[in-house]
Amino acid sequence: MRKGTRLRLVLRDLGSGFAFGSMAVSGQLPVWSLALYGLALVLALMNTRPFANRVKLTALLLLAVAVTLGTNVLAGSLNLVVAACAFAGLISAQRLLSTPDSATDGQVHLSGLLMVAGGAALSGELIYGLFLIVFGVMASIALALGVVEAAVPEGEPVPVRSVMGPLAKGVTFAVLGAVAFFVLFPRLNWNMIGPTASPGLGVATAGFSNSVRLGGSGTIKDNPRIVLRATLTPDPERDSLNAYWVGRTYDVFDGQEWSNARQTPGPFEFMTTLRPGRDNLIHQRMELMPAYGARTLVALETPSRLGNAFINTQRGSRRTHISEQGGGEVRFRDSGISYTYEAYSLPPGSTGDEVRDLPPEEQDALLSIPAGLDVRVAQTAARVLNGEREPLAAAQKLSAWLQREYKYTLELGGDVADPVADFLFQRKEGHCEHFATALTLMLRTQGMRARLATGFFGGERVTGGYVIRAGDAHAWTHVFVPGQGFVTVDATPPSHRASQSSRLLEQLVSLYEAVESQWRNAVLEYNFRDQMDAVRTVFPRKRHAAKNEEASSRTPPPRAWGAALLAAAAAYVLWRTLSRYLSRERPLEATRFADAVETMLASARVTRADGETLEALDARLGKERHPLAPALAPLTRRYLEARFGGRPMRQGEAQQLLSTLRNAVAKEAQRVASEGKRPPQARAS
């Protein structure tokens, strides 16, 4: 194996590996395909290619695998896109383990392109983009080394060091060109036919259900994944918002679980009004991330209106309906990867809700206590309140007592027969649901209306908005205050309300999520409108002119066409310059041509003496009237012109001249063979 070939093969094989990785990061490929391809890649990197002499046998095995995959697809047990991606990986693996010739190289690179296309269909997320870039760089360098290797005469080493510099520059230009392409042209979302979309860093982690079971360990509190992004108007401009984001409330507790007295969903609408609004509503632009994993709309307490929702699926984005459920929950009609919507909430303070506006069953539920509730709950509440009858003051007094007398913990043993009594009188420690449930029931035992609310607590400022993490999931109490409505009272100790995850881990996840968000906005969902916005930032217009142009026509403005023409002209000039630069004859080309001539003459046993130039050899053969002298003379003249006369060889001219000499050598060999004697020897004079 020549010097340089090994490097080219390693880059080719690694490039194929990253192409396969662009599919594997989706987490949807079968395990057996991961194992088979991984084994093939390891063997290829070790330069062990057992299929070199078994091409037909392995091709038959691939055919059998294709039939098996097709059968599974027809039976409905395997998705078509997944099957196609797995088969592309097997084709690439079979090629990696075959003889590394020029045809195999092309097939490996072609299968790599198929795999990155499959990766786009399966995922298209940020990690896929990283694998795609690495594949492009490695495959480009491997292809370029292959071209250089083919141009170097047989038997000579490939000048790897001298070509790596220009190769690196070429790849840099290619990457910059790809970036310009992304900026200038809208993208197509290839992730249209995949079975599911990747949720990013693992499975979804936060969600709501129709009931909340009290007990168990609070594993979600240490999860740093971002589940919600919100942009507020007016912007409070605070680093830490410490706000309550409500998803739904519960009013019925049976001793184990919270549920709702009314569970009949309302009609599907594009905008839902929960309570009358005012002029000072807080507007929220919400984005529920793929890690959210539920269909409940979340909004700042206390929501007034929610709607204008869009759902993001593997087939793109579209507007969707929402519907009000029991417990004040508003839910998306369809399941999707992520959601965007708008919400309007009342400013912090009173809600204006009235009990009489609630259905009778909900009014009754606000005072209900489970059958068999431990009598010590009511006795303890009465003792702590000591005659306090005003609901908000009573709730605050009980909340302060719970925070003072009880500990917060996420480590609990699991389900118990009476979780409230276990929390208040046995363990005396629990998480937010225990504190909120205890406060709610203690208020009810004293004839005060209250309910459990669930959602998130917190809000960390990031790039002009606020992010909420899965660990910010929280539960608290709504106490009904006559004349004010439902007021939030939180019995959980303040230091344990927000996420309990590692700060360093939160920062790392925030960085990843921010980059992924930029990737999604600037790459996957980049459309014509974004393109025009980018152009307007370069060529700002006066507002009234832009308004007039927008009203008169929906076609791109003349400046956009001008910018596009300038970009096209610049691209053409750059392409012509690069073409001339890359196609020009290098000074070493003439020397390599002479070396190729000498190698060809050596096959006819015509050798140069030490120090003898090609011109001297040509003269000597002519003097000796050697049969190859007529064929060698024009090659020698052309070499001298290219080497010293300033007339570099044209594209393909060297190969044409060498073919002439090759034919002459072949005819001379046939003539010698027909005469049955050895060819004449040209020796050094």
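Keep in mind that the numbers below use all heavy atoms, side chains included, and drop hydrogens, waters and symmetry copies.
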Thr409 and Arg427: side chain to side chain contact (heavy atoms under 4.5 Å, CB included), yes or no, with the steps? CA-CA 10 Å; Thr409 182; Arg427 286 181 172 273; over 6 Å; no
Which ring pair (Phe, Tyr, Trp, His ring centres under 6.0 Å) pairs, counting each pair once, include a residue from residues 373-403, with sequence neighbours left out? Trp401-Tyr406
To check you understand the geometry: which heavy-atom pair defines the closest contact between Ser345 and Pro303, and what is its length? OG-CA, 3.6 Å
Carboxylate-amine/guanidinium contact Arg275 Asp357, below 4.0 Å: no
Is NZ or CZ of Arg295 both nearer than 6.0 Å to the six-membered ring centre of Phe332 and within 45° of the ring axis? no
Can a donor-acceptor pair be found, under 3.5 Å and without considering hydrogens, that links the side chain of Gln325 to the backbone of Gly327? no
Counting C-beta onward and ignoring hydrogens, is there a side-chain heavy-atom pair between Leu300 and Trp245 closer than 4.5 Å? yes
N/O donor-acceptor pair under 3.5 Å between Ser323 side chain and Arg331 backbone: no
Donor-acceptor pair, Ser399 side chain versus Ala395 backbone, under 3.5 Å? no
Is a side-chain N or O of Asp374 found less than 3.5 angstrom from the main chain of Val420, in a donor-acceptor match? no
Taking the side chain as everything from C-beta on, heavy atoms only, tell me whether Leu297 gets closer than 4.5 Å to Tyr339. no
Quick one: do Met448 and Leu385 satisfy side chain to side chain contact (heavy atoms under 4.5 Å, CB included)? Show the steps, please. CA-CA 12 Å; Met448 303 175 193; Leu385 292 179; 4.2 Å; yes
Using side-chain heavy atoms (C-beta onward) and a distance below 4.5 Å, is Arg389 in contact with Gln446? yes
Residue pairs passing the salt bridge (charged side-chain N to carboxylate O under 4.0 Å, His left out) test where at least one lies in residues 443-461, sequence neighbours excluded: Asp235-Arg461, Glu460-Arg469, Glu460-Arg503
Judged by atom type as modelled, is there a donor-acceptor pair below 3.5 Å linking the side chain of Thr477 to the main-chain atoms of Ala436? yes
Which pair of heavy atoms, one from Val384 and one from Lys397, lies closest together, and at what distance? O-CE, 3.3 Å
Is there side-chain contact between Cys85 and Ser33, with at least one heavy-atom pair below 4.5 Å? no
Could you check whether atom CG of Asn280 has more than 12 heavy atoms from other residues, nucleotides or ligands sitting under 6.0 Å from it? yes
Tell me whether the centres of the aromatic rings in Phe423 and Phe435 are closer together than 6.0 Å. yes
Report the residue from Asn242, Thr492, Asp490 that forms a side chain to side chain donor-acceptor pair (under 3.5 Å) with Arg497. Asp490
Minimal heavy-atom distance between Asp418 and Gln256, with the atoms involved, is N-NE2, 4.3 Å
Least distance between heavy atoms, Gly247 atom then Thr296 atom: O-CG2, 3.6 Å
Taking C-beta and beyond as the side chain, do Phe486 and Thr249 meet within less than 4.5 Å on heavy atoms? no
How would you list, by chain and number, every residue that makes a ring pair (Phe, Tyr, Trp, His ring centres under 6.0 Å) with Phe270, sequence neighbours excluded? His321
Could you tell me whether His283 and Tyr344 have their ring centroids closer than 6.0 angstrom? yes
Which is it for Glu342 and Arg285 under the side chain to side chain contact (heavy atoms under 4.5 Å, CB included) test, yes or no, and what are the steps along the way? CA-CA 5 Å; Glu342 292 181 280; Arg285 173 72 65 179; 3.6 Å; yes
Minimum heavy-atom distance Pro30-Ala86, with the two atoms named: CD-CB, 4.2 Å
Less than 3.5 Å apart, any donor N or O on the side chain of Glu301 or Trp476 sitting next to an acceptor on the other? yes
Please round to the nearest 0.5 Å and tell me the distance separating atom CZ of Arg305 and atom CG of Leu346. 10.5 Å
Write down the atom of Val25, the atom of Ser22, and the distance for their closest heavy-atom approach. CG2-O, 3.4 Å
His431 and His434 aromatic ring geometry - parallel, tilted or perpendicular at 30°/60° bounds: perpendicular
Hey, are the side chains of Pro290 and Asn312 touching, using non-hydrogen atoms and a 4.5 Å cut-off? no
Using side-chain heavy atoms (C-beta onward) and a distance below 4.5 Å, is Leu358 in contact with Leu366? yes
First locate atom NE2 of His474, then atom CZ of Phe456, and finally report the distance between them rounded to the nearest 0.5 Å. 12.0 Å
Counting distance only, does the side-chain N/O of Tyr466 pair as donor-acceptor with the main-chain N or O of Arg238 below 3.5 Å? yes
Derivation of the side chain to side chain contact (heavy atoms under 4.5 Å, CB included) call for Val116 and Phe131: CA-CA 9 Å; Val116 296; Phe131 277 89; over 6 Å; no
Is the closest side-chain heavy-atom distance between Asn260 and Tyr250 below 4.5 Å? yes
Under the 3.5 angstrom rule, does the side chain of Glu388 hit a backbone N or O of Ala394 as a donor-acceptor pair? no
